[in-house]
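The structure under discussion appears below in the form of structure tokens.
The figures here come from the full heavy-atom set of this structure, side chains too, leaving out hydrogens, waters and symmetry mates. Since the structure is predicted, the reported quantities are computational estimates derived from the model, not experimental observations.
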Amino acid sequence: MSAKRSDYISWDEYFMGVAHLSGMRSKDPNTQVGACIVSPDNKILSMGYNGFPKGCSDDEFPWERENDNDRNLTKYPFVTHSELNAILNYRGGSLEGTKLYVSLFPCNECAKAIIQAGIRTVVYDSDKYAGTPSNRAAKRMFDAAGVNYVQYRKTGRMIRIEV
């Protein structure tokens, strides 16, 4: 009898991989963020990525990061973040006690939704906006509400998702 395989990926690697894969669905030309919500017994409950709300055409709304002279609009007032999409996509009831894997640390607006949804742990990959007012506000709210947040640490093994 042979022994079981020992080089399989961990739950954290698996769920962060799913979050990154979800982010690849985003049509945003600059930032692709994905999220994956997981139950305490490691079942995927929901996923999301950053994009426009249903019914808002990807071709008719702005993707610009800075003001466009014609419309004087940017993507920011229109885009729904991956974390909020994952929360809104869930149709099974309560998210109390769940864990969220996300490729970018949540902004303050998503932090509010995460707290209100009852998500207890946030595992994030990048924290590229660390120290900004939105980032500091999110961390302060997480601390006050008892939401644990931890940065994902990759193992020595390279995970590659080919498209």
Side-chain angles (χ1 to χ4, degrees), residues 4-58 61 63 65 75-76 78-130 132 134-135 138-139 141-143 145-163:
K4 71 176 182 180
R5 214 177 110 224
S6 62
D7 62 343
Y8 55 90
I9 63 174
S10 69
W11 286 117
D12 285 340
E13 289 171 308
Y14 178 65
F15 297 131
M16 189 57 75
V18 169
H20 278 284
L21 188 62
S22 294
M24 294 171 75
R25 283 283 311 142
S26 174
K27 295 167 187 79
D28 190 316
N30 298 298
T31 306
Q32 300 82 44
V33 181
C36 176
I37 301 174
V38 179
S39 71
D41 62 342
N42 294 321
K43 302 283 188 289
I44 295 174
L45 301 175
S46 186
M47 294 172 284
Y49 56 88
N50 58 311
F52 296 128
K54 286 182 189 176
C56 298
S57 170
D58 297 327
F61 281 79
W63 285 113
R65 296 167 88 174
K75 66 181 179 176
Y76 298 110
F78 304 105
V79 169
T80 303
H81 288 181
S82 67
E83 304 92 322
L84 184 57
N85 265 329
I87 291 167
L88 295 172
N89 287 339
Y90 184 59
R91 299 285 186 249
S94 175
L95 291 172
E96 194 72 39
T98 58
K99 188 183 284 190
L100 172 77
Y101 288 81
V102 63
S103 55
L104 181 63
F105 192 89
C107 71
N108 62 303
E109 293 299 320
C110 288
K112 295 174 196 177
I114 289 164
I115 292 165
Q116 289 299 98
I119 296 169
R120 302 306 305 155
T121 302
V122 174
V123 180
Y124 63 95
D125 194 2
S126 172
D127 195 7
K128 79 176 185 179
Y129 297 109
T132 63
S134 172
N135 183 270
K139 289 176 180 175
M141 286 187 284
F142 284 159
D143 290 340
V147 173
N148 299 312
Y149 52 94
V150 60
Q151 189 161 22
Y152 172 68
R153 299 288 178 212
K154 295 169 182 68
T155 63
R157 182 168 53 255
M158 178 76 148
I159 298 175
R160 176 177 247 175
I161 301 170
E162 305 244 354
V163 226

Practice problem: Report yes if some heavy atom in the side chain of Val33 is under 4.5 Å from a heavy atom in the side chain of Val102; otherwise report no. | Solution: yes
Quiz prompt | 4.5 Å side-chain heavy-atom contact, Asn50 and Lys75 | solution = no
Quiz item: When rounded to the nearest 0.5 angstrom, what is the spacing between OH in Tyr124 and CG in Leu104?
Solution: 10.5 Å
Exercise. Check whether any side-chain heavy atom of Val79 lies under 4.5 Å from a side-chain heavy atom of Phe61, and answer yes or no.
Key: no
Quiz prompt | Any side-chain donor near an acceptor of the partner, Asn135 and Lys139, under 3.5 Å | solution = yes
Quiz item: Which atoms form the tightest heavy-atom contact between Tyr152 and Asp12, and what is the distance?
Solution: CE1-O, 3.7 Å
Practice problem: Answer yes or no: are there more than 12 heavy-atom neighbours, outside Gln151 itself, under 6.0 Å from its atom CD? | Solution: yes
Quiz item: Within a radius of less than 6.0 Å around CE of Met16, do more than 12 heavy atoms belonging to other residues, nucleotides or ligands occur?
Solution: yes
Practice problem: Quick one: pull up CD in Glu83 and OG in Ser46 and give me the separation to the nearest 0.5 Å. | Solution: 12.0 Å
Quiz prompt | Student check: side-chain heavy atoms of Tyr76 and Arg65 closer than 4.5 Å | solution = yes
Self-check item: Closest non-hydrogen atom pair, Ser82 against Gly48
Solution: CB-O, 3.6 Å
Exercise. For residues Pro106 and Ala138, report the shortest heavy-atom separation together with the two atoms involved.
Key: O-CB, 3.6 Å
Practice problem: Kindly assign one of parallel, tilted or perpendicular to the pair Phe142 and Phe105, based on the angle between their ring planes and the thresholds 30° and 60°. | Solution: perpendicular
Quiz prompt | Within-4.5 Å side-chain heavy-atom neighbours: Asn89 and Met47 | solution = no
Practice problem: Side-chain contact test, heavy atoms from C-beta onward, threshold under 4.5 Å: evaluate it for Val18 versus Tyr101 and give yes or no. | Solution: no
Quiz item: Does a donor on one side chain and an acceptor on the other come within less than 3.5 Å for Asp41 and Ser39?
Solution: yes
Self-check item: Flag side-chain contact, heavy atom, 4.5 Å: Leu95 against Tyr90
Solution: yes
Self-check item: Intermediate values then yes/no, side-chain contact (heavy atoms from CB on, under 4.5 Å), Val147 and Arg120
Solution: CA-CA 5 Å; Val147 173; Arg120 302 306 305 155; 4.3 Å; yes
Exercise. Taking all non-hydrogen atoms of both residues into account, name the closest pair between Trp63 and Asn30 and its distance.
Key: O-ND2, 4.2 Å
Quiz item: So among Arg25, Gln32, Met24, which one has a side chain to side chain contact (heavy atoms under 4.5 Å, CB included) with Tyr49?
Solution: Arg25
Quiz prompt | Whether Trp11 and Tyr14 hold their rings parallel, tilted or perpendicular, with breakpoints at 30° and 60° | solution = perpendicular
Quiz item: Is a side-chain donor or acceptor of Thr98 paired with a backbone partner of Ile119 at a separation under 3.5 angstrom?
Solution: no
Quiz item: Which pair of heavy atoms, one from Gly51 and one from Asn85, lies closest together, and at what distance?
Solution: N-ND2, 4.3 Å
Self-check item: Donor-acceptor contact present, side-chain Ser103 to main-chain Asp125, <3.5 Å
Solution: no
Quiz item: If you look at every heavy atom in Ile37 and Leu100, which pair is closest and at what distance?
Solution: CG1-CD1, 3.6 Å
Quiz prompt | Phe52 six-ring centre to Lys27 NZ/CZ under 6.0 Å and within 45° of normal | solution = no
